[in-house]
Amino acid sequence: MPLPITLLRVVRNEQPSVAFPPLGKNLKVLLVWPKFPSSFWGFEGVLTMMQEGAISPPLGLITVAALCPSTWTLRLLDHSFDAINDADLNWADLVMVSAMHAQRTDALAILRRARTLGRTRTFIGGPWASSEPDVVQLEADHVMVGEAEEVFSAIALALENGTAQSRYLVTDKPDLSASPIPRFDLLRMDKYTSMSVQFSRGCPFQCDFCDIITIYGRKVRGKSSAQLITELDRLRELGWHGEVFIVDDNFIGNRKNSLELCKDLAVWGQARGQPFSFYTQASVDLADRAELMQAMVAANFMYVFLGIESPSPEALKGSKKFQNLRKDSLDQVRIIQQNGLWVLAGFIVGFDSDDQTIFERQREFIERAAIAWAMAGMLQAAPTTPLFDRMKAEGRLIEDSEAISNFSAPNFRTVMPLPALLHGLSRLLADLYEPGAYFQRALRSLEVWQPRPGQKPTDTTSMAYNLRLLASSIWTQGVKSGYRRGYWNFLATLLRRYRRSPAKLWMGFSLLLSAHHFLLYSRQVADELERDCAADLEIANAAAVPELISQAGDS
Ligand code: SF4
C-alpha cells in the first residue's frame, strides 16, 4: 500500500523550487542503465570472447519499472551494449536513470544530453543518487534518495499531475515483502551471462568504510522464500537457464531466513531438474554455520564472495570489521571451500595501521587461501560512511578527489606515504596476476574446493555456442595472447585431472576464460598505479625544492 505523498519526508532542492508541468497519465518512459568503466568484476576481457554484453542486469531499475503505473509505456536501454540515440531520448517524456558510483560519468553525460535536447524530463535514483544527491541534482530534474518500493506510486502520481518535487528524501526503509516481481521481461536476456535477484537488504555488521549499512541500514529486511521463488519461476517462464546472482550484500545477514530459503530452493530446484546455479556474497562467519553451508550447496550455490579485506588484525579492528577477528580467516576460507563453496574475495590496503609489509602479507594470505579471483584494492572513504566522517573531522578528506575506483589514490590523506601505497598495490596486483602465479593458484583453488555430487553447473548453452566460445578462447588466449604457454598448461592439467568432475571442469573453464580479463586488467591497473606513483613523487619533489632552497637560505 503506497504511502500518501504527505507522509514522505520531502526535501526541496536548495535552488529556487521549480514548477514542473504535469506529464499526464500516458507517459513514455526510457529507463537507462549507464555504462560501467572497465572494472575488476566487469569481466570485460571475457566478454570480448562471448556474444553477451554484460555480466548482470540492472535489477534496481527493473524493480522500479514494476512500480510504474500500468498506463506508462516503458523501454529499457542498457548502455553497456545498447546505443542511446537522440531519437530514443526524444521519444521519452521521462528519462529515468539509476546508477552506482562507478557509473557516474556516463550517468551525468546521459542526463546532460537529455536535458540539452530539451524535450524530456529527467529522474535519477539508486545508490549513487542516494549518497551524492547534490551532485546528481545539478543535471537531473528529479532526484530520489532512498528506496522506492513504498513511495514510488505516490511520486508517479505527482509526476502525472504536475506536483512532483525536485528532490525526494525517503528515509523509511521499505518492507521487502511488498517488493514487486522485477520486470525481467524488459531485459534482453541473451545479452547477460547471469540473471539477478535480491533476497534481502542491509547488513548487521558495522565496517566503517561500508555504505551498504548507511544506505540500507543494519537491520536486515528480507523477502519470504516463497516471494523469491516466485521471481525464479518468472525467470523460468521467460526462458532463463543458468546462473543467478543473489545480489544481497550479505546473504547471511539474517541466517535463519537464508537457511529457510536455501532449504526451499533445494526442493524447488530438485523438482525442476536444477534449472539454475547460484552465487552470492557473504561474511566470513558463514564458516561457522555448517547447516547453512550444506543447505546452500543443496540449493546449488556454486561459489561465494567473501569480504576478507585484510590479514592484519589491527586493520580489521580499526575498521570495526570485528566479525573477521573472531577466528583465523584462513581457516574460515578453507572450511567454506571444503564444504562445497568455491571462494572469491575482496581485499583492501590503505588502512591507517598498514605499513609497507602489508602487501606481502596480503599476497601470502591470498596464495595460501588459494583464492584465484582476489580483488586487492584501495581503501576509499565513501560519502555517508563513518570513515568519511572521521577523515573529514581529522582534516584528512580530499574534498575534490576524483577517486572513483578501488585502484585510484584514496580520497583522504593516508598514513603510509602515498607513493609507497600506490607502488605497493601495483606490485601486489602484478604479482597476484602474473600468469604463472594466477594459473597455479587457480589449480590450487580447484584442489581445495570439494563440490558435492549433486552440485552441478546448469547446462545453459548449446553445443554450437560452446564450440564457438572454445574457438574464440583458443584463438584469443591460446594463439594470440602473451600468456599462451600458461593457458595450454592449465587446460591440459584441467582435462587430465577433472574430466570426470563436471563442477570442477566448469569452474576450471571459467578460470581459464577469466584469465583474459584478470591478467590484462591487473597489468593495466598496475601500470596506471605506477604512473600515479611517479606523478606523485614528482609533485613531492617539486614541492621540496623551494623548501630546500629556503632551508639553504636560512642556514
Ligand atoms: S560485512 Fe560487508 S556488507 Fe556488512 S557492513 Fe561489512 S562490508 Fe558492509
Side-chain angles (χ1 to χ4, degrees), residues 40-41 59-60 100-102 126-128 130-131 147 173 176 196-222 245-258 279-289 292-293 296 303-329 332-333 335-336 341 343-354 362 365 371 373-391 405-406 410-411:
F40 193 86
W41 296 122
L59 184 63
M100 297 208 243
H101 198 260
W128 179 44
S130 296
S131 65
E147 297 173 58
K173 306 280 183 233
L176 294 194
S196 301
V197 292
Q198 184 172 44
F199 181 55
S200 70
R201 285 181 205 155
C203 173
F205 296 119
Q206 50 180 321
C207 312
D208 78 342
F209 51 83
C210 175
D211 60 1
I212 299 304
I213 42 179
T214 52
I215 295 175
Y216 298 115
R218 289 183 59 199
K219 182 172 184 299
V220 179
R221 292 162 290 129
F245 176 27
I246 300 189
V247 301
D248 304 20
D249 294 293
N250 185 1
F251 178 67
I252 64 164
N254 182 325
R255 293 186 295 271
K256 186 169 159 287
N257 288 357
S258 27
Y279 64 102
T280 193
Q281 316 179 89
S283 43
V284 286
D285 55 318
L286 173 63
D288 303 331
R289 317 281 156 197
L292 182 51
M293 286 187 286
M296 286 172 75
Y303 52 97
V304 63
F305 173 92
L306 303 176
I308 294 173
E309 326 304 8
S310 181
S312 157
E314 295 79 21
L316 297 172
K317 208 161 152 196
S319 60
K320 295 194 162 54
K321 195 145 190 145
F322 301 122
Q323 69 276 19
N324 288 32
L325 275 166
R326 290 183 204 137
K327 303 224 172 121
D328 184 316
S329 293
Q332 303 282 81
V333 171
I335 290 169
I336 295 170
L341 294 163
V343 168
L344 59 152
F347 298 85
I348 298 176
V349 295
F351 293 105
D352 281 359
S353 58
D354 283 351
Q362 291 275 20
F365 182 98
I371 298 174
W373 294 349
M375 190 190 91
M378 197 73 89
L379 182 65
Q380 299 288 357
T384 75
T385 61
L387 178 65
F388 184 93
D389 294 343
R390 179 163 72 83
M391 289 301 146
S405 85
N406 303 97
N411 61 341

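For ligands, and for the atoms within them, numbers begin at 1 and follow the listed sequence. The analysis underlying the following values was restricted to heavy atoms, covering all of them including side chains, and did not include hydrogens, waters or symmetry mates. These figures come from a predicted structure and were not determined experimentally. Just so you know, residue 1 is the first one in the sequence shown, and it goes up from there.
- The nearest N, O or S atom of Cys203 is closer to atom 4 (Fe) of ligand 1 than 2.8 Å.
- For Cys210, the nearest N, O or S atom to atom 8 (Fe) of ligand 1 falls under 2.8 Å.
- Using the six-membered ring where Trp is involved, Tyr303 and Tyr279 have ring planes that are parallel, under 30° apart on the 30 and 60° scheme.
- For the residue pair Asn250 and Ser283, a side-chain donor N or O sits within less than 3.5 Å of a side-chain acceptor on the partner.
- Between Lys321, Gln281, Lys320, it is Lys321 that holds the heavy atom closest to atom 7 (S) of ligand 1.
- Inspection of the Asp248 and Ser200 side chains reveals an N or O donor paired with an N or O acceptor under 3.5 Å.
- Taking 4.0 Å as the cut-off between side-chain N and carboxylate O, Arg390 and Asp352 count as a salt-bridged pair.
- Between Asp288 and Arg326, none of the side-chain N atoms (NZ, or NE/NH1/NH2) sits under 4.0 Å from a carboxylate O, so this pair counts as no salt bridge.
- Protein heavy atom closest to atom 6 (Fe) of ligand 1, with residue, atom name and distance, is Cys207 SG, 2.3 Å.
- The Gln323 neighbourhood of ligand 1 comprises atoms 1 (S), 6 (Fe), with distances under 4.0 Å to a heavy atom of that residue.
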